[in-house]
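What follows is a single structure, written as structure tokens, with notes after it.
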Amino acid sequence: MTKEIGITVKKSNDFSDWYTQCVLKSSIADYSPSKGFIILRPYGYAIWEIIRELLDDELRKTGHKNGFLPVLIPESLLTKEKDHFDGFMPEVFWVTKSGDSDLGEKLAVRPTSETIAYSMFSKWISSYRDLPLKMNFWNSALRAEIKSTKPLIRNSEFLWQEGHTAHKDENEADQEVRVILDIYKNLIEQFLALPTLSGFKTEKEKFVGAKYTTCLESLMADGKALQMATSHHLGQNFSKPFEIKFLNKDTVEQFVWQTSWGISWRVIGAIIMVHGDDKGLILPPKISPTQVIIVPIYKDDSKAVVKQKAYELEQILKDSKIRAQTDDRDEYTSGWKFNDWEMKGVPLRVNVGLRDIKENKVELIRRDTKERFYVTEKELVNQTLSTLEKIQSNMFDRAKIHLQENTRSATTLEELLSLLDTSGGFVACSWCGKRECEDLVKEKTTADIRIVPFNPKNNISSCIGCGKQETIEVYFGRAY
RNA sequence: GGGGUUGUCGUCUAGCUUGGUAUGAUGCCAGCCUCGGGCGCUGGAGGUCGUCGGUUCAAAUCCGACCAGCCCCA
């Protein structure tokens with residue numbers, strides 16, 4: 001038994017250290033030389049590529065087209081919408097020089113691209129025939145995160161997609177916001193196996209410059225909430241300062257109604273935090289770059305025949321569109337490989353040795369339940385497919401139970417605080433809608449209103465802050 | 001925004017209090033041994049001790065600044 005390799009802390013003992021070790025040791029990402037930035041390594045990028053392709057498909061199907069925007073935004077554009085600028089100002093990186101000479105106008109490194117995109121929209125849109133305009137951009141955004149960084153969860157630069165649309169009326173923009181949120185929800189729940197709560201952000205928490213924000217929230221294993229994706233209705237807040245106008249069928253000039261929305265590589269962090277265990281990651285089969293890892297177990301004299309069998313099995317699985325891989329490295333023992341792939345979170349492993357070949361069978365080992373069983377070579381494909389499905393749904397179910405068990409309700413501030421302190425999670429409370437009450441709770445408990453649910457359960461009482469009777473249901477939580 | 005803490009071969013680490021030759025493991029390379037849960041043996045390479053400056057005959061060690069990581073609180 002060698003020490004100091006693998007994950008050295010338990011998930012339940014030191015969640016933060018456990019998470020960082022998972023990210024680093026599974027080769028997902030590494031720290032960069034400059035503060036707050038990380039480097040996504042091939043294993044992490046492979047996961048991102050799968051997520052990106054899945055989402056890109058859905059966006060194309062719903063009529064969105066990809067484009068590319070410059071990373072630098074002139075100061076004059078960024079400042080055009082005041083709330084938007086005030087909100088992002090503290091974390092904007094600025095470019096002020098080219099070589100030795102000062103630039104005439106400061107350039108902001110994009111914290112998000114609404115302003116530059118909409119400066120172009122105003123050129124491209126002039127008729128109702130130009131609408132709706134639905135664009136998407138796969139890029140990175142930069143926001144100076146000096147304190148409290150965490151790989152993939154909070155960094156100064158992150159990969160994401162940002163969608164930007166323009167519509168003829170408010171209703172169409174409303175629908176777009178919900179279409180996108182549904183696409184996100186489906187991706188996150190059905191593919192990443194992460195259950196979410198969906199709803200609105202409060203005025204305080206909404207995107208700066210938006211009319212309203214919808215979002216998806218998930219619960220991490222340590223009881224903290226994590227915002228997974230957001231979809232904003234921008235109203236005409238940007239179309240007016242950016243003068244994005246069109247002539248409608250009645251030849252009346254109107255401002256467009258807009259939406260913007262995004263999801264980032266943060267979801268990879270969520271997958272790790274929610275699904276992982278003391279041995280490392282557990283990746284949902286649908287987004288795992290390797291779904292089945294085949295480990296040949298051989299001695300010198302059986303090496304050739306066992307490896308040959310492993311390659312055959314790999315090909316059989318690949319022929320059925322299963323992402324299979326053989327670990328044929330001679331320099332590691334099979335035991336080492338077992339641990340390595342478990343740390344990387346590959347959902348299903350196939351063990352094959354001389355013994356198995358003689359008996360015409362192989363051993364399958366599930367990463368999520370550690371369950372192991374033998375199948376004949378003939379059954380391999382079907383068993384693999386059905387087991388991958390079982391793993392996928394089991395992972396979602398487990399996470400769903402965790403979410404349900406950690407979603408409680410409280411009627412008083414004391415009760416809320418005690419729930420947050422003992423178990424974290426989401427706490428449903430009644431709220432009068434006033435900012436002062438929201439701030440009061442934040443001050444007393446450090447929790448935010450994570451979400452104003454689309455589907456409240458209607459267990460309404462008096463406001464958690466001021467005791468007023470007319471209230472709505474909201475979910476509080478401490479968040480990353 | 002406030003406070004705390006850490007930085008030594010690729011990785012983890014001893015040494016720092018009390019200044020004087022850099023410790024061990026793992027990984028890497030070569031060779032042997034074989035592999036059903038992080039095998040074993042032999043030999044070898046690998047270090048501007050985070051960076052810059054100061055004190056000193058002498059600094060990983062003492063002092064200062066900076067850089068980077070982590071934690072706690074707002």
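As a basis for the values below, the full set of heavy atoms in this structure was taken, side chains included, without hydrogen atoms, waters or symmetry mates.
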Say whether [X] and [Y], considering side chains only, have a donor N or O and an acceptor N or O under 3.5 Å apart.
{"X": "A/Tyr480", "Y": "A/Asp222", "value": "yes"}
{"X": "A/Ser423", "Y": "A/Arg408", "value": "yes"}
{"X": "A/Asn237", "Y": "A/Glu81", "value": "no"}
{"X": "A/Glu473", "Y": "A/Ser430", "value": "no"}

Nucleotide nearest [X] when distance is taken to its side chain, options [options]:
{"X": "A/Tyr374", "options": "B/rG36, B/rC35, B/rC70", "answer": "B/rG36"}
{"X": "A/Asp356", "options": "B/rC70, B/rG36, B/rG37", "answer": "B/rG36"}
{"X": "A/Pro151", "options": "B/rG37, B/rC70, B/rC35", "answer": "B/rC70"}
{"X": "A/Thr446", "options": "B/rG69, B/rA74, B/rG38", "answer": "B/rA74"}
{"X": "A/Tyr298", "options": "B/rA68, B/rG36, B/rC35", "answer": "B/rC35"}
{"X": "A/Arg349", "options": "B/rG69, B/rC35, B/rG37", "answer": "B/rG37"}
{"X": "A/Lys299", "options": "B/rU34, B/rG69, B/rG36", "answer": "B/rU34"}
{"X": "A/Trp336", "options": "B/rG37, B/rC70, B/rC39", "answer": "B/rC39"}
{"X": "A/Asn351", "options": "B/rA68, B/rC35, B/rG36", "answer": "B/rG36"}
{"X": "A/Tyr332", "options": "B/rC28, B/rC70, B/rC39", "answer": "B/rC28"}

In whole Å, what separates the [atom1] atom of [N] from that of [M]?
{"N": "B/rC73", "M": "B/rA60", "atom1": "P", "value": "38 Å"}
{"N": "B/rU34", "M": "B/rU17", "atom1": "C1'", "value": "49 Å"}
{"N": "B/rC12", "M": "B/rG47", "atom1": "C1'", "value": "15 Å"}
{"N": "B/rC28", "M": "B/rU11", "atom1": "C1'", "value": "11 Å"}
{"N": "B/rG37", "M": "B/rG46", "atom1": "C1'", "value": "31 Å"}
{"N": "B/rU61", "M": "B/rG54", "atom1": "P", "value": "14 Å"}
{"N": "B/rU5", "M": "B/rC35", "atom1": "C1'", "value": "43 Å"}
{"N": "B/rU56", "M": "B/rG1", "atom1": "P", "value": "39 Å"}

| query | If you take atom types as modelled and just measure distance, does the side chain of A/Arg372 reach the base of B/rG36 with a donor-acceptor pair under 3.5 Å? | reply |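 Between B/rG36 and A/Arg372, which were checked side chain against base, a qualifying N/O pair under 3.5 Å is absent.
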| Can you find a donor-acceptor N/O pair under 3.5 angstrom joining the side chain of A/Glu342 to the base of B/rG37? |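 Result: at least one qualifying N/O pair found.
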| request: Would you classify A/Asp340 as touching base, sugar-phosphate or nothing, given that sugar-phosphate means primed atoms plus P, OP1 and OP2, and contacts are heavy atoms under 4.0 Å? | output: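 Result for A/Asp340 = base.
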| Under 6.0 Å between ring centres, would you say that holds for A/Phe37 and A/Tyr31? |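 Ring centres of A/Tyr31 and A/Phe37 not closer than 6.0 Å.
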